[in-house]
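The block underneath contains the structure these notes are about, expressed in structure tokens.
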Amino acid sequence: MIELKDLSYVRLGTADLATAETFATGVLGLEVRERRRDALYLRSDQRAHSLCYFEGAPEEQIIGFEVENTAALDAAAAALEALRHKVRRGSAAEAQARYVSEFINFRDPTGNQIELVTRPQLSARRHFPSRDAGITGFNHVGLNSTDPVRDEVFWTQVCNARVSDRIGDIPLMRINAIHHTLALVQAAQPGIQHINHQVAEVDDVMRSYYFLREHNVPIVFGPGRHPTSGARFLYFKGPDGVVFEYSCGVGEIADEATHRPRQFTREPLSFCMWGATPGGLIPGV
Ligand SMILES: O=C/C=C/C(C(=O)O)=C(/O)C(=O)O
Ligand SMILES: [Fe+2]
């Protein structure tokens, strides 16, 4: 069993680093940690970085998860290879470019690029946002899945994810007490379905709603409230069509031992209990 400890980062390829920086700082509200010739590193919390835009194709999207140590990384590589996943070990220079000690890269059954990392760096310096969006931290990602039922088996049986709730076949899965760190959404191709940052309170969600509208940032879903985690949310589009979410109040699972996933119907109200419609984010809803 591959024990995922935490979400470490997202890496997004882009042909236009300047536009990505303008968005990440002027709209999303992250802090520039470092600019390199071919990459931009952004912070949102105590992590040394949680988002990296790098020069590359926009289809190049990677999610990094922390594992305990080198032994756990080696065991994960062996388990994945036994299941015929192609595993690539990152070089020291690549690890340094991720602020981690070591990492491996592989693809999940849909073809999403996943990295497992050891010792992702934190920074003692307080996150100092470029815009007062109220961000308190990088929280979860939605992943495209060509077969959510198959991929749920991968994430819960090969890895340690547990299903907190399902909407139709969409599993919202946790790797710690947070309601979900990963959700799988039906799609025709691999990719990141959305990237969530938590904000402090519902006032921040609504302030951003008006801010984004004023700045002509496409809003794709919300403001609304998820009946699953209870979070109040807003989804909007960034460069290369990548969808970001602000939300507040993603709940925690009170009792790991006794929690049973709830099954929600696949209908708009299961995505937003206030009545916002997912507007193309969720196929057929
Ligand atoms: O569309 C359903 C989303 C549910 C939630 C939630 O319960 O908070 C998400 O944030 C998500 O899947 O990303
Ligand atoms: Fe979300």
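First listed ligand is number 1; within each ligand, the first listed atom is number 1.
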Measure the distance from [atom] to every protein heavy atom, then report the residue, atom name and distance (to 0.1 Å) of the closest one.
atom: atom 1 (O) of ligand 1; answer: Phe271 CD2, 2.8 Å
atom: atom 7 (O) of ligand 1; answer: Thr228 OG1, 2.4 Å
atom: atom 5 (C) of ligand 1; answer: His226 CD2, 3.2 Å
atom: atom 8 (O) of ligand 1; answer: Ser229 OG, 2.4 Å
atom: atom 9 (C) of ligand 1; answer: His180 NE2, 3.1 Å

Next on the checklist: If we only consider heavy atoms of Asn196, is any one of them less than 4.0 Å away from an atom in ligand 1?
Outcome noted: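 No, Asn196 has no heavy atom closer than 4.0 Å to ligand 1.
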Item to check | Minimum-distance N/O/S atom that Glu245 presents toward the Fe ion (ligand 2) | outcome: OE1
Checklist entry - With the Fe ion (ligand 2) as the point of reference, which N/O/S atom of His194 is the closest? => result NE2
Examine [X] together with [Y] and report whether their ring centres are nearer than 6.0 Å.
X: Phe236; Y: Phe221; answer: no
X: His226; Y: Phe271; answer: no
X: Tyr235; Y: Tyr246; answer: no
X: His194; Y: His140; answer: yes

Next on the checklist: Counting only heavy atoms closer than 4.0 Å, does ligand 1 sit against the backbone of Ile167, its side chain, both, or neither?
Outcome noted: side chain
Next on the checklist: Do Arg11 and Tyr53 form a cation-pi contact, if we require the NZ or CZ to be under 6.0 Å from the six-membered ring centre and within 45 degrees of the ring's axis?
Outcome noted: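 No; the conditions do not both hold, so Arg11 does not lie above the ring face of Tyr53.
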Checklist entry - Should His194 be counted as touching ligand 1, given the test is an N or O pair under 3.5 Å? => result yes
Checklist entry - Can you find an N or O of Ser270 that's nearer than 3.5 Å to an N or O of ligand 1? => result no
Next on the checklist: Taking the basic N atoms (NZ, or NE/NH1/NH2) and the acidic carboxylate oxygens, is any pair closer than 4.0 Å for Asp165 and Arg260?
Outcome noted: no
Checklist entry - Do the ring planes of Phe65 and Trp155 sit parallel (below 30°), tilted (30 to 60°) or perpendicular (above 60°)? => result tilted
Next on the checklist: Treating Arg162 as the side-chain partner and Asn160 as the backbone partner, does any N or O pair qualify as donor plus acceptor under 3.5 Å?
Outcome noted: yes
Can you list the atoms of ligand 1 that are under 4.0 Å from a heavy atom of [X]?
X: His140; result: 9 (C), 10 (O), 11 (C), 13 (O)
X: Glu245; result: 10 (O), 13 (O)
X: Leu172; result: 4 (C), 7 (O), 12 (O)
X: Tyr235; result: 9 (C), 10 (O), 11 (C), 13 (O)

Checklist entry - Does His140 bring an N, O or S atom to within less than 2.8 Å of the Fe ion (ligand 2)? => result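 For His140, the answer is yes, given that an N, O or S atom comes within less than 2.8 Å of the Fe ion (ligand 2).
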Checklist entry - Does any N, O or S atom in His180 come within less than 2.8 Å of the Fe ion (ligand 2)? => result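 Looking at His180, which is the residue asked about, there is no N, O or S atom under 2.8 Å from the Fe ion (ligand 2).
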Checklist outcome for this item: Minimal heavy-atom distance between Glu94 and Arg89, with the atoms involved, is OE1-O, 4.4 Å
Item to check | Residues Thr70 and Glu102: side-chain donor-acceptor under 3.5 angstrom | outcome: yes
Next on the checklist: I'd like to know if the side chain of Arg174 pairs up with that of Ser164 as donor and acceptor (distance under 3.5 Å, no hydrogens or angles considered).
Outcome noted: yes
